[in-house]
K.L.:
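Below you'll find the structure I mean.
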Amino acid sequence: MLKLKIFIWLATIKKLDNSFYARPNVVRIARELLGKVPVTEFEGRRTSGRIVEVEAYNGVVDRASHAWSGRRTRRTEVMYAEGGTAYVYLIYGIHHLFNVVTNKKDVPHAILVRALEPLEGIPLMLERTRKAKLDHSLTRGPGNLSRAMGLYTLHTGYSLYENEIYIGDDGYKVRPSDIVATPRIGVDYAGPDAELPYRFFVKGNPYVSGKKNSG
DNA sequence: CTGACGATTCACT
DNA sequence: GTGAATCGTCAGC
C-alpha cells in the first residue's frame with residue numbers, strides 16, 4: 001500500500017522548469033516555493049522534502065545579497081547564471097547553504113532554502129547528519145537541511161533541470177492564510193534592507209527555524 | 001600575502 | 001544568553 005502510494009507520487013511529481021525560475025519577481029517565486037519538493041539523487045540514493053521556509057535575495061539592489069551593487073566574484077559568479085541553477089556556498093567554515101538562482105542570465109537573484117519537512121530517504125538523512133533518530137532538527141535551518149540532502153559546495157552551478165538535484169511540484173498547495181512573511185534572519189549588516197519582509201514560512205510548521213517561528 | 005569575518009549550529013550557563 | 005567551531009572568500013596592502 002505504501003509502495004503503491006510512493007509510486008503514484010513519483011509519477012505525479014513534476015520538475016519545475018524555466019517558466020518557473022526565469023520570472024522577474026524573486027520575492028514571489030520564493031513564496032511560491034513553499035510546498036515544493038527539492039529532490040537529490042546521488043548514486044541512486046534519493047532524498048526529498050517539502051519546503052516550509054525560504055528567503056529571497058533580490059540581486060544588485062539588495063544590500064543583504066551577495067550580489068549587492070553588482071558584486072561579481074568567483075563565489076558569486078553562479079548567481080549570474082540562468083534561473084534554475086544551484087548556488088551552494090560555505091559559511092562559518094562549516095555549513096553549506098543551498099540556494100536557487102532565479103531570473104534570466106546576468107540578473108543575480110537567488111532564494112535561500114531554509115527548512116523543509118522530510119519526505120523520502122529519512123534513513124539516509126539520518127546517516128548523513130549522524131543523528132540517531134528523527135526529530136525536527138533534521139532539516140530545520142539551511143545548514144541542517146543541506147547536510148541532510150547531501151548538498152555541498154561542490155554542487156554549486158548544478159542545473160536544476162537534470163536528475164541529480166531538482167525541485168518538484170507534486171500539486172500540494174500551501175494555504176495562503178498559512179504563509180507568514182518576516183524580515184530575513186542574520187542580515188543585520190544590510191541596513192534598511194534588513195527590514196524587508198523577504199522571509200516566508202508555513203505557519204506553525206515544526207521544521208521552521210528561528211526562535212518563535214515569527215522572526 | 002594577510003587578516004577579518006560570515007544568509008549557522010550546538011553545547012553550555 | 002553567550003561563545004566556539006573552522007575555512008573559503010575577499011578587500012586591502
Side-chain angles (χ1 to χ4, degrees), chain A residues 26-27 29-31 33-34 38 49 51-81 83 85-103 107-116 118 125-158 160 167 180-201 205-215:
Chain A
V26 68
V27 178
I29 299 173
R31 194 191 304 112
L33 274 178
L34 292 176
I51 297 177
V52 297
E53 181 185 0
V54 293
E55 285 177 358
Y57 286 86
N58 193 26
V60 301
V61 299
D62 182 356
R63 297 179 101 88
S65 170
H66 291 161
W68 173 62
S69 84
R71 264 179 57 236
R72 198 161 183 149
T73 64
R74 180 143 82 256
R75 179 183 63 160
T76 62
E77 183 61 30
V78 68
M79 296 183 77
Y80 294 80
T85 302
Y87 170 37
V88 187
Y89 70 94
L90 181 67
I91 191 163
Y92 298 108
I94 305 176
H95 306 293
H96 301 251
L97 271 58
F98 172 58
N99 299 251
V100 178
V101 173
T102 69
N103 213 310
V107 183
H109 288 179
I111 297 165
L112 172 65
V113 182
R114 291 192 58 92
L116 48 78
M125 292 185 183
L126 291 170
E127 184 185 311
R128 285 171 175 156
T129 55
R130 298 166 178 273
K131 287 176 187 292
K133 59 181 187 211
L134 174 63
D135 65 32
H136 301 321
S137 72
L138 183 64
T139 50
R140 173 165 55 202
N144 288 336
L145 88 82
S146 298
R147 190 163 167 204
M149 294 289 286
L151 292 163
Y152 301 96
T153 53
L154 68 96
H155 297 119
T156 206
Y158 271 46
L160 303 183
I167 301 181
V180 183
T182 75
R184 293 165 291 186
I185 292 180
V187 298
D188 296 343
Y189 58 86
D193 291 346
E195 305 305 318
L196 295 169
Y198 285 179
R199 171 175 176 244
F200 299 97
F201 64 84
N205 189 287
Y207 288 93
V208 173
S209 68
K211 290 159 188 128
K212 313 169 285 191
N213 264 16
S214 56

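Keep in mind that what you see is a predicted model, and the values were worked out from it rather than measured. Just so we're on the same page: letters track the sequence lines, and every chain starts at 1.
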K.L.:
Considering every strand shown, what is the Watson-Crick or G-U wobble mate of C/dT6 when both distances are under 3.5 Å?
P.N.:
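When the pairing criteria are applied, nothing turns out to pair with C/dT6, so the answer is none.
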K.L.:
Is there a side-chain contact between A/Y89 and A/N99 in this structure, where contact means two heavy atoms from C-beta onward sitting under 4.5 Å apart?
P.N.:
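In short, these two side chains touch, coming nearer than 4.5 Å.
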K.L.:
Send over the distance from A/Y189 OH to B/dT8 P, rounded to a whole Å.
P.N.:
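To the nearest whole Å, that distance equals 8 Å.
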K.L.:
Given that both distances must come in under 3.5 Å, which nucleotide forms a Watson-Crick or G-U wobble pair with B/dA7?
P.N.:
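In the structure as shown, B/dA7 has no Watson-Crick or wobble partner.
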K.L.:
Between A/R147 and A/T129, do the side chains contain a donor N or O and an acceptor N or O under 3.5 Å apart?
P.N.:
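Side chains of A/T129 and A/R147: no pair found under 3.5 Å.
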K.L.:
For B/dA7, take OP1 and OP2 only and decide whether either is under 4.0 Å from a side-chain N or O of A/Y92.
P.N.:
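For B/dA7, OP1/OP2 do not have a side-chain N/O of A/Y92 under 4.0 Å.
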K.L.:
Touch check for A/N144, heavy atoms < 4.0 angstrom, all strands: base, sugar-phosphate only, or nothing?
P.N.:
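Sugar-phosphate only.
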K.L.:
What's A/I94 touching, base or sugar-phosphate or nothing? Going by heavy atoms closer than 4.0 Å.
P.N.:
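Base contact - A/I94 has a heavy atom under 4.0 Å of at least one base atom.
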K.L.:
Take the protein atom CD of A/E55 and the nucleotide atom P of B/dG6, then report the distance between them rounded to whole Å.
P.N.:
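Computing the A/E55:CD to B/dG6:P distance gives 16 Å.
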K.L.:
Taking atom C1' of C/dT9 as reference, at what distance in whole Å does atom CG of A/L97 sit?
P.N.:
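Interatomic distance, CG of A/L97 to C1' of C/dT9: 15 Å.
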K.L.:
For A/R63 and B/dG6, what is the distance between atoms CZ and P respectively, to the nearest whole Å?
P.N.:
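After rounding, the reported distance stands at 15 Å.
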K.L.:
Between B/dT2 and C/dT6, how far is it from one P atom to the other, in whole Å?
P.N.:
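Those two atoms are separated by 23 Å.
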K.L.:
Where the side chain of A/T76 is defined as all heavy atoms beyond and including C-beta, which of B/dA7, C/dC10, B/dT9 is the nearest nucleotide?
P.N.:
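Shortest atom-to-atom distance from the side chain points to C/dC10.
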K.L.:
How far, in whole Å, is B/dA7 from C/dG1 if one measures between their C1' atoms?
P.N.:
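These two C1' atoms come out 22 Å apart once rounded.
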K.L.:
Once you round it to whole Å, what is the distance between C1' of B/dG6 and CD1 of A/I91?
P.N.:
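In whole Å, B/dG6 C1' lies 4 Å from A/I91 CD1.
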K.L.:
Between B/dG6 atom C1' and A/H96 atom NE2, what is the distance in whole Å?
P.N.:
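Computing the A/H96:NE2 to B/dG6:C1' distance gives 14 Å.
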K.L.:
Ring-plane angle category for A/H155 and A/Y152, please: parallel below 30°, perpendicular beyond 60°, tilted otherwise.
P.N.:
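Correct class here is tilted.
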K.L.:
Can you tell me how far the OG1 atom of A/T76 sits from the OH atom of A/Y87, to the nearest 0.5 Å?
P.N.:
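A/T76 atom OG1 to A/Y87 atom OH measures 6.0 Å (nearest 0.5 Å).
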K.L.:
Return the nearest nucleotide to the side chain of A/R71; candidates are B/dC10, C/dA11, C/dC7.
P.N.:
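Of B/dC10, C/dA11, C/dC7, C/dA11 is nearest to the side chain of A/R71.
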K.L.:
Output the rounded distance in Å from NE2 (A/H95) to C1' (B/dC5).
P.N.:
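Distance, rounded to whole Å: 14 Å.
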K.L.:
C/dT9 phosphate, OP1 or OP2: any side-chain N/O from A/T73 under 4.0 angstrom?
P.N.:
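A/T73 to C/dT9 OP1/OP2: no side-chain N or O under 4.0 Å.
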K.L.:
Nearest to the side chain of A/L90, which nucleotide is it out of B/dT9, C/dG8, B/dG6?
P.N.:
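When the side chain of A/L90 is considered, C/dG8 is the closest of B/dT9, C/dG8, B/dG6.
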K.L.:
Compare all side-chain heavy atoms of A/F98 with those of A/M149 and state whether any distance is below 4.5 angstrom.
P.N.:
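Not in contact.
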K.L.:
What is the distance, to the nearest angstrom, from the CD1 atom on A/I185 to the P atom on B/dG6?
P.N.:
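Atom-to-atom, A/I185 to B/dG6, this comes out as 16 Å.
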K.L.:
Please check the phosphate of B/dT8 (OP1 and OP2 only) for any side-chain N or O of A/R140 closer than 4.0 Å.
P.N.:
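A/R140 to B/dT8 OP1/OP2: no side-chain N or O under 4.0 Å.
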K.L.:
Any idea which of C/dT9, B/dC10, B/dT8 is nearest the A/R75 side chain?
P.N.:
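For A/R75, the side-chain atoms sit closest to C/dT9.
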K.L.:
Answer whether the closest heavy-atom distance between the side chains of A/H109 and A/I29 falls below 4.5 Å.
P.N.:
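No; the side chains remain at least 4.5 Å from each other.
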